[in-house]
Amino acid sequence: MTTAPTQKDELREEQNLELAATSADTERLVARFYSTFPYPWRPYKYDYVEDPLFYARMLAQELGCWDGRFLPDEPRIWVAGCGTNQSVVTALRYPQALVIGSDISTQSLELAERTANELELQHVSVREESIVDAGYDAAFDLIICTGVIHHNRDPGLALEGLAEALKPDGIIELMVYNRFHRGVTSAFQRAVRILNRSSGGEGDEAAHEFEEDVRTAQALLEAVEDGSWLDDFLGGFEHKHDAAVADALVNPVEHSFTVRSLVELTDRCGLRVVAPCLNVFDVTRDTWDWELRIPDADAHARYEALSDVERWYATNLVRYERSPGLWFYLQRQDAPNPIGTVAELCESFLDTTFARSEATQRNFLLGQDDRYRRSSRAVKLPAGAAPEPARPILDLVDGKRPMRELFSQAGIEPRLADVNTIRLALTTTHFPYVTAA
């Protein structure tokens, strides 16, 4: 079992735990915060792909399962901390699944249920329940929990709940805050509380006024000097939705992690980090690649000789605020079919033959009456050009020759860093350019 943070832990400057008196108090505080500012707000559109197995196939490829069958035919999926829309997004991606969305924010769940009804999604349901107390026992093939456990006083208790709910051969998609991304936001949150005279201590939960926090945050944004490093980081927040300002700049409780501290936490909970998970934020910022290229051959050889988690930690440290988000896939330590190392995934990728992918994406659009309706618009996937390192290989894909031959023809040495980058840039959900033939 994990233990609650010590007082010394609570006072660390890189964390934001002043309002976290006990785990129960913290959950009530966070529930009220996200009911006051449901996050995120209703998007302009929801996308879905006509092929009902598209996302399941791409998930399998991301994990090196080239037959596309990592999930069972009718998987059970838990979106743990679903907010206003993640259970809806998941249900659209996996129409063959039973999807359960859990959250402690009543207002967020009401919005999620409303959207699911407007999109006529019959295979998703939402429940008001805590991850810590949900009590699921080996019930789910896939658990999605992104941006959630770091808002718990003891993230380990929440992660234990996820581990207990996971089937032996299941997978968890987990995101927690990268410490090197959160220094500015945690400092800003603390400054807001100083101005509002609510810097911590038991009893604050009942009296805390989050609306006043947001007003103070917006006032503080106006005091940030133009051109300063803080202005560069926070630029644009003064024009954003109140929920965005609240989530980033006045959040009542947040932990942040490095790769090493996250791995230590997962180890204590009977889980292991198996692979990075591509995500829209890193893809948009072009920070999704975990591989360093060190010009000195000896230093690069030592880097590639590291274990996966030590290599990711080195990248986390060297790239600092430009390192990818801490968004990973986890397995149980006793999983009967463990995901291979990155080196093993790359070798199997090189030995596999691929064909170009084809899919059609459609969407639901939000009307002026604040209701979603199915649109007639269709987009062919994949859209746009593949990431630059992968383009010479994509040009050669013919459905007949394995990747190893294509690398040789393109004159690309199959070094681990380059193979892994190209693997992710061609075969995954965010880069679905090829499918194993």
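Predicted model, so just to flag it, every value in this text is computed and none were measured.
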Show me the donor-acceptor pairs, under 3.5 Å and distance only, between side chains in residues 138-145 and residues at least two apart or in other chains.
{"unit_1": "Asp141", "atom_1": "OD1", "unit_2": "Lys167", "atom_2": "NZ", "d": "3.3"}
{"unit_1": "Asp141", "atom_1": "OD2", "unit_2": "Arg76", "atom_2": "N", "d": "2.8"}
{"unit_1": "Asp141", "atom_1": "OD2", "unit_2": "Lys167", "atom_2": "NZ", "d": "3.4"}

Donor on one side chain, acceptor on other, [X] and [Y], under 3.5 Å:
| X | Y | value |
| --- | --- | --- |
| Tyr136 | Glu129 | yes |
| Thr421 | Asp289 | yes |
| Thr26 | Asn152 | no |
| Asp213 | Gln189 | no |
| Trp327 | Thr146 | no |
| Tyr34 | Asp247 | yes |
| Ser35 | Ser105 | yes |
| Gln61 | Thr428 | no |
| Thr427 | Glu62 | no |
| Asp308 | Thr341 | no |
| Lys380 | Thr360 | yes |
| Arg42 | Thr115 | yes |
| Arg272 | Gln333 | no |

Salt-bridged, [X] to [Y], with N to O below 4.0 Å?
| X | Y | value |
| --- | --- | --- |
| Asp47 | Arg362 | no |
| Arg404 | Glu347 | yes |
| Glu254 | Arg182 | yes |
| Glu304 | Arg415 | no |
| Asp67 | Arg69 | no |

Handout entry: Heavy atoms of other groups near Glu358 CD, more than 12 under 6.0 Å
Key =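 It does not: Glu358 CD has 12 such atoms or fewer within range.
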Practice task
Specify whether Tyr39 and Trp41 have parallel, tilted or perpendicular ring planes, treating 30° as the upper limit for parallel and 60° as the lower limit for perpendicular.
Solution key: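 Plane angle over 60°, so perpendicular.
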Exercise for the section: Could you label the plane-to-plane angle of the Tyr177 and His151 rings as parallel, tilted or perpendicular, counting under 30° as parallel and over 60° as perpendicular? Expected result: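 Correct class here is perpendicular.
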Problem - is_close_aromatic(Phe431, Trp288), centroid dist under 6.0 Å - result: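 They qualify: ring centres under 6.0 Å apart.
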Exercise for the section: Could you tell me whether Phe364 and Tyr48 have their ring centroids closer than 6.0 angstrom? Expected result: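 Yes, the ring centres sit under 6.0 Å apart.
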Handout entry: Tyr320, Tyr303, Trp290 screened by side chain to side chain donor-acceptor pair (under 3.5 Å) with Thr315, the one that passes
Key =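 Passing option: Tyr303.
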Practice task
Using salt bridge (charged side-chain N to carboxylate O under 4.0 Å, His left out) as the criterion, list what pairs up with Asp169, not counting sequence neighbours.
Solution key: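 Asp169 satisfies salt bridge (charged side-chain N to carboxylate O under 4.0 Å, His left out) with no other residue.
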Practice task
Begin from the C-alpha positions of Asp51 and Arg57 and carry the test salt bridge (Lys or Arg N to Asp or Glu O under 4.0 Å) through to its verdict.
Solution key: CA-CA 10 Å; Asp51 179 358; Arg57 188 180 307 119; 3.1 Å; yes
Handout entry: Note, Met58 side chain near Thr435 side chain (heavy atom, < 4.5 Å)
Key =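 The answer is yes; the side chains approach within 4.5 Å.
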Handout entry: Phe328 vs Leu174 side-chain heavy atoms within contact, under 4.5 Å
Key =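 Sidechains of Leu174 and Phe328: no contact.
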Handout entry: Candidate pair Glu118 and Tyr46, rule side-chain hydrogen bond (donor to acceptor under 3.5 Å, both in side chains), full reasoning
Key = CA-CA 11 Å; Glu118 291 175 10; Tyr46 282 98; over 6 Å; no
Handout entry: Derivation of the salt bridge (Lys or Arg N to Asp or Glu O under 4.0 Å) call for Glu27 and Arg153
Key = CA-CA 8 Å; Glu27 288 205 343; Arg153 174 180 169 81; over 6 Å; no
Handout entry: Test item: Ser87 side-chain N/O and Val79 main-chain N/O as donor-acceptor pair under 3.5 Å
Key =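 No.
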Exercise for the section: Without swapping roles, check the side chain of Glu160 against the backbone of Cys269 for a donor-acceptor pair under 3.5 Å. Expected result: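 No: the side chain of Glu160 does not pair with the backbone of Cys269.
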Practice task
Tell me, with the steps shown, if Ser323 and Asn316 meet side-chain hydrogen bond (donor to acceptor under 3.5 Å, both in side chains).
Solution key: CA-CA 5 Å; Ser323 62; Asn316 191 203; 3.1 Å; yes
Practice task
Hey, could you give me the CD/OG distance between Glu128 and Ser108, rounded to the nearest 0.5 Å?
Solution key: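 One gets 10.0 Å once the value is rounded to the nearest 0.5 Å.
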Exercise for the section: Find the distance between CD1 (Ile171) and SG (Cys65) and round it off to the nearest 0.5 Å. Expected result: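 Rounded to the nearest 0.5 Å, the CD1-SG separation comes out at 11.0 Å.
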Practice task
With Arg423 as the cation and Phe349 as the aromatic partner, state whether NZ or CZ is under 6.0 Å from the six-membered ring centre and within 45° of the axis.
Solution key: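 No cation-pi geometry.
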Practice task
Let me see the working for Asp418 and Arg293 under salt bridge (Lys or Arg N to Asp or Glu O under 4.0 Å), right down to the final yes or no.
Solution key: CA-CA 9 Å; Asp418 296 328; Arg293 275 81 176 171; 3.3 Å; yes
Practice task
Applying side-chain contact (heavy atoms from CB on, under 4.5 Å) between Leu92 and each of Leu119, Val99, Val49, Asn363, report the one that passes.
Solution key: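 Result for side-chain contact (heavy atoms from CB on, under 4.5 Å) with Leu92: Leu119.
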